[in-house]
Colleague: 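What follows is a structure written as structure tokens; I'll ask about it next.
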Amino acid sequence: MDQPNPQIADIEPGFAANLSDQPPVYILSPQAEEAAELAAELRELGFRTRHFVRADVLVNAARQIAPGALVADSGLLAEEATRDMVQTLREEHPCSLFLLSHRDTLRDRLAAVRLGGDAFFLRPLNVPVLAYRLQHLATGLDAPCTLAALDDGEKLNGLARELEQAGHPVKRLTTRPDLLATLTDDLPDLLLVNGDMTGLNPLELLPALRQYPGLYSLPVLLMTAGDKRRFDGIAERAALDGIVGSNISSVDLAGIIRSRVRRARGLQASWRYHSRRDPASGLHSRAHFMDELRQAITVARQTGGGATLIYLTATAAGNSPDPSPQASLVAVAGLLQRLLPPPAVGAHLQQGQFAAMVYTRDEHTLDTLITDLRRHLGEGIRIPGSLPLCFDVQLGTTLLGSQISSPLQALDQARRAAGEQPEADTGDAAAPLMEREWKSELGRALKENRFRLVYQPIASLTGQPTNLYEVFVRMLDGNGQDLLPQEFLPPAQRLGLNRHIDRWVILRALNVLAEQQSRREKPVFFIKLFAETLETRGFALWLAEQIRSTGVAADHLVFQLSKQAASHRLQTVIDAFRSLRDMGCGLALEHYNPADDHQDLLAQLPLDYVKISPELTRDMLTNPDHLRDIQGLASRARKHGLRTIAALIQDASAMSGLWGAGIDYIQGYFMQPPADVFGGEELAHGTDDQQ
């Protein structure tokens, strides 16, 4: 692999590049499709894999290429014939055995141990967590260990020679003044200490070594010919890993050393992993996420920031086929891992609660991400061995800026944006508004005109000059700081105030268009609408009156609605769009993916433009299927007389592919972020009519 998968790339940097040299992972499951999917996912993470439905076929394959690990269904191994074949295989080709089960009880885990299992995983399987465990095997938990023997004489020399003959290099140390430097320069895997030294008292020496940070986790075995009980006092202070008699055989000692070193290596790897990752979900841990969030808040307060916090709760819908906590966790965690753009940080906070920090303020990026999350969770996520799981979702965002002073405050604000109460009152006077206060705050913002518009150009791929712009709204808080729509629009929608904001945007846009009447090339504004606005009685009459009073040509307004909103209210949208078309306004459908259009919206709606879902464009250079979908959409749009727009284009590399596919326009941050390109003071033009 050229690039380790971001799901587990931080476990051990660069480890995926070396996995192709490791023995393969064999997968044994009675479900052929599940086994094939697991094998494919592990291959994407860099592992060599083979999958089998029958144990006898696996055993024959192992005679040709021995496995490094076996991942098997515990139910299969409960069958005597299969169990005997696997046990024979492991005797001939020692390998770790990972067992998969649908049940998580002590009885099942004990049964897994009796079957010889080294690890137990609950279905549905969390693949990144399995990959973390498999990676331990590939990075040598059983590699030969280096030892250091500490003595003030020669009592350990004989054992040292025998250990060396068994393949364990031993460095012999004395209690010289440079002992610390010698230990830390060439840190061994285990320190063997003569507890009967006379020059230095081990009761003092070992706690002193533990005081040094570099030696705090070093495994230590103490050897003595005397009464072991005299060392009980330092066993805890010096964190001894064992006290053994001096008459122990080198074979037994080597076995003890191997077990202690393996345990230490495993713990060290687990510490590295668990300091960042949640072992249940494979996402970042809550502690690591809060550290990252704290750092992002500090940067935002110093520089203005560029990060957005997303809070998500996902509860399995009542009609889901398998609403078990494990299935829900695996489904939501997997979706976040697929959709979050690097270097976003996704975290599992607690059961059903997730958070993500996205290092952008790009409204299109955030809007697309949130739309995709809602759509996939609502329509259903398929996981191996289960029907699609559907979720009820609450989602809120908050922009990290100067108004946020702590991680808890940021999470509280995002929770309120999602319609929840915070976990705990932070007691901060600058804490965000309670949900019940959003209505009055939004009302004051409308009355005081604490909104402004920004504009992003839509460029022609043919190189012809255009005058198309998408309009975005910003709300200003009490300190004059921008709030992105993802923060204030969800509570506005819940409280029924979104139609008032839509009217403010339309009126302000008409005023700006009226001011631009003297320009040779008059701009055309694309304006997002809520479906609730189209449902409002009298909206079309109100709009016609505003257009007439400002003298703006109606065809300089293009109203756009999301594909999801149009699908859910199709007949209402058809009727409303016809009224707007009769008025002379342009119409656009955004976030459109032909694979999700089961109602043939392009044929049913009176449209002028269709905006392609970034699901297709973001990876079209590496995904031939998506490029073909874009080409097909462009061809079909032309037949309907529609023009196509690719939004959220982040770099110029995609332009040639889009041009070749027949796309008409592009829009994205690499051209220009949303800005007040028409000048003037946005707050100077308010309106008293918000009904």
Side-chain angles (χ1 to χ4, degrees), residues 453 455 458 466-473 493 496 498-517 519 521-592 597 599-612 633 636-645 647 664-665 667 687 689-691:
L453 299 184
Y455 314 85
I458 300 172
T466 61
N467 57 345
L468 308 180
Y469 296 86
E470 181 163 352
V471 173
F472 299 92
V473 63
Q493 187 171 19
N498 48 342
R499 63 188 181 92
H500 301 302
I501 294 176
D502 273 355
R503 293 194 179 195
W504 191 99
V505 171
I506 293 169
L507 284 170
R508 177 61 192 130
L510 284 169
N511 285 332
V512 172
L513 288 171
E515 293 167 359
Q516 303 298 314
Q517 291 299 303
R519 288 182 57 172
E521 296 293 337
K522 300 176 181 60
V524 174
F525 286 168
F526 283 65
I527 300 174
K528 296 175 184 284
L529 289 181
F530 282 98
E532 291 85 351
T533 296
L534 295 176
E535 292 176 333
T536 303
R537 181 179 299 177
F539 170 70
L541 293 175
W542 173 87
L543 177 62
E545 175 60 26
Q546 305 311 315
I547 292 174
R548 185 196 61 78
S549 65
T550 57
V552 173
D555 60 1
H556 286 260
L557 293 173
V558 178
F559 292 105
Q560 63 185 37
L561 192 69
S562 71
K563 179 262 174 188
Q564 185 177 23
S567 298
H568 290 168
R569 299 172 169 87
L570 182 55
Q571 191 55 53
T572 298
V573 172
I574 290 174
D575 295 341
F577 270 22
R578 286 174 178 167
S579 297
L580 295 175
R581 167 59 60 81
D582 292 342
M583 213 178 295
C585 300
L587 299 166
L589 188 68
E590 63 175 345
H591 292 299
Y592 184 79
D597 184 7
Q599 299 164 295
D600 198 12
L601 296 178
L602 299 191
Q604 295 204 61
L605 294 173
L607 298 170
D608 300 283
Y609 301 89
V610 57
K611 283 190 168 185
I612 303 170
L633 172 57
R636 184 160 178 254
R638 282 193 297 273
K639 292 178 181 177
H640 286 283
L642 309 180
R643 284 161 286 180
T644 48
I645 302 173
D664 298 302
Y665 301 98
Q667 178 182 354
T687 177
D689 183 5
Q690 301 296 345
Q691 300 302 316

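Owing to the predicted nature of the structure, the values given are computational and were not obtained by experimental measurement.
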Colleague: Decide yes or no for V610 and L602: does some side-chain heavy atom of the first lie under 4.5 Å from some side-chain heavy atom of the second?
Modeller: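 The answer is yes; the side chains approach within 4.5 Å.
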
Colleague: Carefully, step by step, assess F472 and L453 under the rule side-chain contact (heavy atoms from CB on, under 4.5 Å).
Modeller: CA-CA 6 Å; F472 299 92; L453 299 184; over 6 Å; no

Colleague: Quick check: closest heavy atoms across A531 and L561, and the distance to 0.1 Å?
Modeller: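 Minimum heavy-atom separation between A531 and L561: N-CD1, 3.9 Å.
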
Colleague: To the nearest 0.5 Å, tell me how far H556 NE2 sits from T550 OG1.
Modeller: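 Rounded to the nearest 0.5 Å, the NE2-OG1 separation comes to 11.5 Å.
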
Colleague: State, yes or no, whether a side-chain contact exists between Y455 and V512 at a heavy-atom distance under 4.5 Å.
Modeller: yes

Colleague: What's the verdict on side-chain contact (heavy atoms from CB on, under 4.5 Å) for Y592 and D597, showing C-alpha distance, side-chain angles and the deciding distance?
Modeller: CA-CA 8 Å; Y592 184 79; D597 184 7; 2.6 Å; yes

Colleague: Check V505 against I527 and note the closest heavy-atom contact, atom names and distance.
Modeller: CG1-CG2, 3.9 Å

Colleague: With the side chain counted from C-beta on, respond yes when L570 and L601 share a heavy-atom pair under 4.5 Å apart, and no when they do not.
Modeller: yes

Colleague: Out of E470, H591, K563, which one pairs with K611 under the side chain to side chain contact (heavy atoms under 4.5 Å, CB included) rule?
Modeller: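 Option passing the side chain to side chain contact (heavy atoms under 4.5 Å, CB included) with K611: E470.
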
Colleague: Salt-bridged, K528 to D502, with N to O below 4.0 Å?
Modeller: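 Salt bridge flag = no for D502 with K528.
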
Colleague: Applying side-chain contact (heavy atoms from CB on, under 4.5 Å) to V558 and Y609, what does each step give before you reach the verdict?
Modeller: CA-CA 9 Å; V558 178; Y609 301 89; 3.9 Å; yes

Colleague: Rounded to the nearest 0.5 Å, what separation is found between the CD atom of Q546 and the CG atom of L557?
Modeller: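 Between Q546 CD and L557 CG, I get 11.5 Å after rounding to 0.5 Å.
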
Colleague: Which pair of non-hydrogen atoms, one from L589 and one from A566, has the smallest distance, and what is that distance?
Modeller: CD1-CB, 3.8 Å

Colleague: Are K522 and E515 within salt-bridge range, i.e. N to O under 4.0 Å?
Modeller: no

Colleague: Please report the shortest heavy-atom distance between I645 and Q667, naming the atom on each side.
Modeller: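 Smallest interatomic distance, heavy atoms only, reads CG2-OE1, 4.3 Å.
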
Colleague: Working note: L605 + V573, criterion side-chain contact (heavy atoms from CB on, under 4.5 Å); need CA distance, chi angles, decisive distance, verdict.
Modeller: CA-CA 8 Å; L605 294 173; V573 172; 3.8 Å; yes

Colleague: How many angstroms lie between atom CG of D575 and atom CG of L580, to the nearest 0.5 angstrom?
Modeller: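 The CG atom of L580 is 11.0 Å from CG of D575, to the nearest 0.5 Å.
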
Colleague: Can you list the residues that meet the side-chain hydrogen bond (donor to acceptor under 3.5 Å, both in side chains) rule with Y469, with sequence neighbours excluded?
Modeller: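 Listed in chain order: nothing, the list is empty.
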
Colleague: So how far is it from N511 CG to I506 CD1, rounded to the nearest 0.5 Å?
Modeller: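 So the CG of N511 and the CD1 of I506 are separated by 12.0 Å.
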
Colleague: Closer than 4.0 angstrom, basic N to acidic O: yes or no for R499 and E535?
Modeller: no

Colleague: Would you say that L587 contacts Q560 through its side chain, given a criterion of any heavy-atom pair below 4.5 Å between the two side chains?
Modeller: no

Colleague: Quick check for you: to the nearest 0.5 Å, what is the distance between L607 atom CG and R643 atom CZ?
Modeller: 11.5 Å

Colleague: Where do V552 and A514 come nearest, in terms of heavy atoms and distance?
Modeller: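 Looking at all heavy atoms of both residues, the shortest contact is CG2-N, 3.7 Å.
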
Colleague: Verify, without hydrogens or angle tests, whether T536 (side chain) and F539 (backbone) share a donor-acceptor contact under 3.5 angstrom.
Modeller: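 Flag not set: sc T536 to bb F539 has no pair under 3.5 Å.
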
Colleague: What are the two closest non-hydrogen atoms of A554 and M583, and how far apart are they?
Modeller: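 The answer is CB-O, 3.3 Å.
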
Colleague: Would you check if R508 and W504 make a side-chain contact, meaning some heavy-atom pair closer than 4.5 Å?
Modeller: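 Answer yes - side chains close enough.
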
Colleague: Which one of L543, D608, T533 satisfies the side chain to side chain contact (heavy atoms under 4.5 Å, CB included) criterion with F559?
Modeller: L543

Colleague: Can Q599 and Q604 be counted as having a side-chain donor-acceptor contact under 3.5 angstrom?
Modeller: no

Colleague: Quick check for you: to the nearest 0.5 Å, what is the distance between L534 atom CG and I574 atom CD1?
Modeller: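 Rounded to the nearest 0.5 Å, the CG-CD1 separation comes to 12.5 Å.
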
